[in-house]
There are 2 protein chains.
Amino acid sequence: MKDISKEDYLRAIYHLQKDQNMAIRSVEISKYLGISKASVNEMIRKLAKEELIEYKLYSSINLTKKGIEEAEKIVYKHKILESFLSKILGIGKNKVHEEADKLEHGVSKEAAKKLDKLLKNPKTCPHGGKIPNSDKKACLLGDICVNNEATVLFTKIKNKQTLERINSLGIVPEAKIKILNKIKKGPLELQLGNSKIAIGGDICSQIYVKEK
Amino acid sequence: MKDISKEDYLRAIYHLQKDQNMAIRSVEISKYLGISKASVNEMIRKLAKEELIEYKLYSSINLTKKGIEEAEKIVYKHKILESFLSKILGIGKNKVHEEADKLEHGVSKEAAKKLDKLLKNPKTCPHGGKIPNSDKKACLLGDICVNNEATVLFTKIKNKQTLERINSLGIVPEAKIKILNKIKKGPLELQLGNSKIAIGGDICSQIYVKEK
DNA sequence: TATATAAGTTAGGTTAGCCTAACATTTATG
DNA sequence: CATAAATGTTAGGCTAACCTAACTTATATA
Ligand SMILES: [Mn+2]
Ligand SMILES: [Mn+2]
Ligand SMILES: [Mn+2]
Ligand SMILES: [Mn+2]
């Protein structure tokens, strides 16, 4: 079976980037997957060559739009399988991740959709993680039009200070936002819950969202 | 994921040996799996080293008892998965083999048993093949005691003429037999349907059965 | 801001599982 | 029973995905 490793890397990167809400470091993939830094480095280059991730020498890593698409396909299968194993087969929640990690590479899109339906379209996996809807594609916050609404996926910010600021504004995964106003090459005004905030255009191109 | 190839080889060998009711040739594995003769030769040696098959240079191949056990584990998973994909998910019968071929390596024994129960313990897969019961272990016909009953699994006969004779007596996979009499180092007398037949002791050690 | 520590890279290797081409042995058949 | 065809083996090679050890670059902190 092909691409098993690539799929595991993509799912790992997606998970880490969402978890940290920023671009990730290769050592984290190494720790998450239990694979040496050298091997991770090798795979990182392959994924970059396929334009699934953005990566420069000695720098941090983040998924491209194409990478998010691919990652969500496998995350979707993984979480649907976990739900199936847990809710329908009654297998312990502590065991389902490991088994889904194997099955995710073999299950077809068709079968995953049928499982989804059988489960009555769950929103989350047994561990509480959101099951992605890969029908809606990710884009950058800056691409959303005025008056439209979107959900934050995660950012690709590199700097920790910048991230702190963004997080403290409430720009975190799953946050719902509405674009209020856009000034050419200037800041973006948006509604987030009850508060209105403004974000620089440069940062807007570092935030992945999904349009509602 | 480890042992994927080995499991595919074991399932292929089990299928072929049962299908032909005799020891098989490596070229058949090659054709069945779409793998070169050279590669099959390589794997054959590994399986023989692990005592999963019996094999001598330039000779035919058959599963050992241990090999049957291992093969049945994967055949069981394969057919249960096919049944699940077909009957519960409603995936076309023409597609389920391919998908089960991938999933069989990742599904746990526990999950397979739960699927089995969910399906209400089917006896056959969507293509009509018997789902093996790996609780009962295979042994040689000669090992069965007088008055006991058994089901033929398959033979490990090498010679085509010998096989013809055995097949024509009704010693074919799934045949039910009862041992009527055993003469030390002599022939075995057995009941097969309405007829009583006698089989030489040498042949008895070439027929795998499962005791009832 | 110098230096220690962490992170990332490179070089060199291993293993499983595949391949083709050439050669050896067995089996089938005229 | 000789020879052609089929089957099996060997030699040599390849790729993906891993590894360790040594080295380079970036980051943290005193
Ligand atoms: Mn999981
Ligand atoms: Mn996996
Ligand atoms: Mn099948
Ligand atoms: Mn398989």
Side-chain angles (χ1 to χ4, degrees), chain A residues 1-13 16-17 20 22-50 52-62 74 101-102 104-106 157-164, chain B residues 1-13 16-17 20 22-50 52-62 74 101-102 104-106 157-164:
Chain A
M1 276 194 291
K2 239 193 286 185
D3 291 328
I4 290 180
S5 276
K6 266 179 198 165
E7 289 178 336
D8 282 338
Y9 275 89
L10 286 174
R11 189 164 57 72
I13 296 168
L16 292 166
Q17 192 165 359
Q20 307 187 182
M22 72 185 298
I24 63 164
R25 315 226 59 181
S26 97
V27 71
E28 318 207 68
I29 301 172
S30 176
K31 284 171 188 158
Y32 185 81
L33 293 177
I35 288 170
S36 74
K37 290 185 295 169
S39 296
V40 170
N41 187 264
E42 196 174 291
M43 182 63 85
I44 283 308
R45 287 158 193 270
K46 285 184 197 166
L47 296 175
K49 193 167 288 173
E50 295 178 42
L52 295 164
I53 59 172
E54 288 166 3
Y55 147 87
K56 280 186 313 220
L57 258 192
Y58 288 106
S59 170
S60 55
I61 293 156
N62 58 258
I74 194 73
D101 183 25
K102 294 177 186 167
E104 64 193 0
H105 312 288
I157 291 168
K158 283 169 191 156
N159 182 279
K160 282 196 177 172
Q161 273 79 54
T162 312
L163 179 69
E164 292 270 302
Chain B
M1 277 194 291
K2 239 194 282 188
D3 290 330
I4 290 180
S5 275
K6 266 179 198 165
E7 289 178 337
D8 282 339
Y9 275 89
L10 285 174
R11 189 165 57 72
I13 296 167
L16 292 166
Q17 193 166 359
Q20 307 186 183
M22 72 186 297
I24 63 164
R25 316 226 59 181
S26 97
V27 71
E28 319 207 69
I29 301 172
S30 176
K31 284 171 190 159
Y32 184 81
L33 293 177
I35 289 171
S36 75
K37 290 184 296 170
S39 297
V40 170
N41 187 263
E42 196 174 291
M43 182 62 87
I44 282 309
R45 286 157 193 268
K46 285 184 197 165
L47 296 175
K49 193 167 286 173
E50 294 177 44
L52 295 164
I53 59 172
E54 288 167 2
Y55 147 86
K56 280 186 311 220
L57 259 192
Y58 289 104
S59 169
S60 55
I61 292 156
N62 57 257
I74 194 72
D101 183 26
K102 294 176 186 168
E104 64 192 359
H105 312 288
I157 290 168
K158 283 167 192 158
N159 183 280
K160 281 196 178 171
Q161 272 80 55
T162 311
L163 179 70
E164 292 271 301

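In what follows, chains are A, B, ... by sequence order, proteins preceding strands, each numbered from 1. As a basis for the values below, the full set of heavy atoms in this structure was taken, side chains included, without hydrogen atoms, waters or symmetry mates.
Within the 4.5 Å cutoff, no side-chain heavy atoms of B:H105 are placed close to those of B:D3.
When every heavy atom of A:N62 is checked against every heavy atom of A:Q17, the shortest pair comes out as CB-NE2, 3.1 Å.
A:L33 has its CG atom 15 Å from the C1' atom of D:dC19, to the nearest Å. In this entry the distance linking CD1 of A:I44 with P of D:dA17 reads 13 Å, nearest Å. Atom-to-atom, CG of A:L47 to C1' of D:dA16 comes out at 13 Å; the value is rounded to the nearest Å. Across the protein-nucleic acid pair, B:Y58 atom OH and C:dT27 atom P stand 12 Å apart, rounded to whole Å. Between the P atom of C:dA6 and the CD1 atom of A:I29 lies a distance of 20 Å, rounded to the nearest Å. One can place NZ of A:K49 at 13 Å from P of D:dA17, the figure rounded to the nearest angstrom. Residue B:R25 contributes atom CZ, which lies 15 Å from atom P of C:dT25 at whole-angstrom precision. Straight-line distance from the NZ atom of A:K56 to the C1' atom of D:dA26: 14 Å, rounded to whole Å.
Remark: A:K56 pairs with A:S59, A:K158 by the side-chain contact (heavy atoms from CB on, under 4.5 Å) rule, at least two apart or across chains. A search for side-chain hydrogen bond (donor to acceptor under 3.5 Å, both in side chains) contacts involving A:E104 returns A:R11, A:H78, not counting sequence neighbours. Residues meeting the side-chain hydrogen bond (donor to acceptor under 3.5 Å, both in side chains) test with B:N159, sequence neighbours left out: B:T162. For A:E164, there are no salt bridge (Lys or Arg N to Asp or Glu O under 4.0 Å) partners at least two apart in sequence or on another chain. Shown here are the salt bridge (Lys or Arg N to Asp or Glu O under 4.0 Å) partners of B:E42, two or more places apart in sequence or in another chain: there are none.
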Polar atoms only, N or O, under 3.5 Å: list the protein pairs with nucleotides 3-6 of chain D and their distances.
none

Polar atoms only, N or O, under 3.5 Å: list the protein pairs with nucleotides 10-17 of chain C and their distances.
from   : atom 1 : to    : atom 2 : distance (Å)
C:dT10 : OP2    : A:R45 : NH1    : 3.4
C:dT10 : OP2    : A:R45 : NH2    : 2.4
C:dG17 : N7     : B:E42 : OE2    : 3.4

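At D:dC19, one or more side-chain N or O atoms of A:S36 fall inside 4.0 Å of OP1 or OP2 (strictly under the cut-off). Residue B:Y9 places at least one side-chain N or O closer than 4.0 Å to OP1 or OP2 of C:dC18.
Take the nearest nucleotide of DNA chain C for A:E28 and for B:G34: the residue whose nucleotide is more 5' is A:E28.
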Show every donor-acceptor pair shorter than 3.5 Å between a side-chain atom in residues 28-39 of chain B and any protein atom, with sequence neighbours excluded, or say none if there are none.
from  : atom 1 : to    : atom 2 : distance (Å)
B:E28 : OE2    : B:Q20 : NE2    : 3.1
B:E28 : OE2    : B:R25 : N      : 3.4
B:S30 : OG     : B:I35 : O      : 2.5
B:S36 : OG     : B:S39 : N      : 3.2
B:S36 : OG     : B:S39 : OG     : 3.1

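Here B:I61 contributes atom CD1 and B:I44 contributes atom CD1; the two are 3.5 Å apart, rounded to the nearest 0.5 Å.
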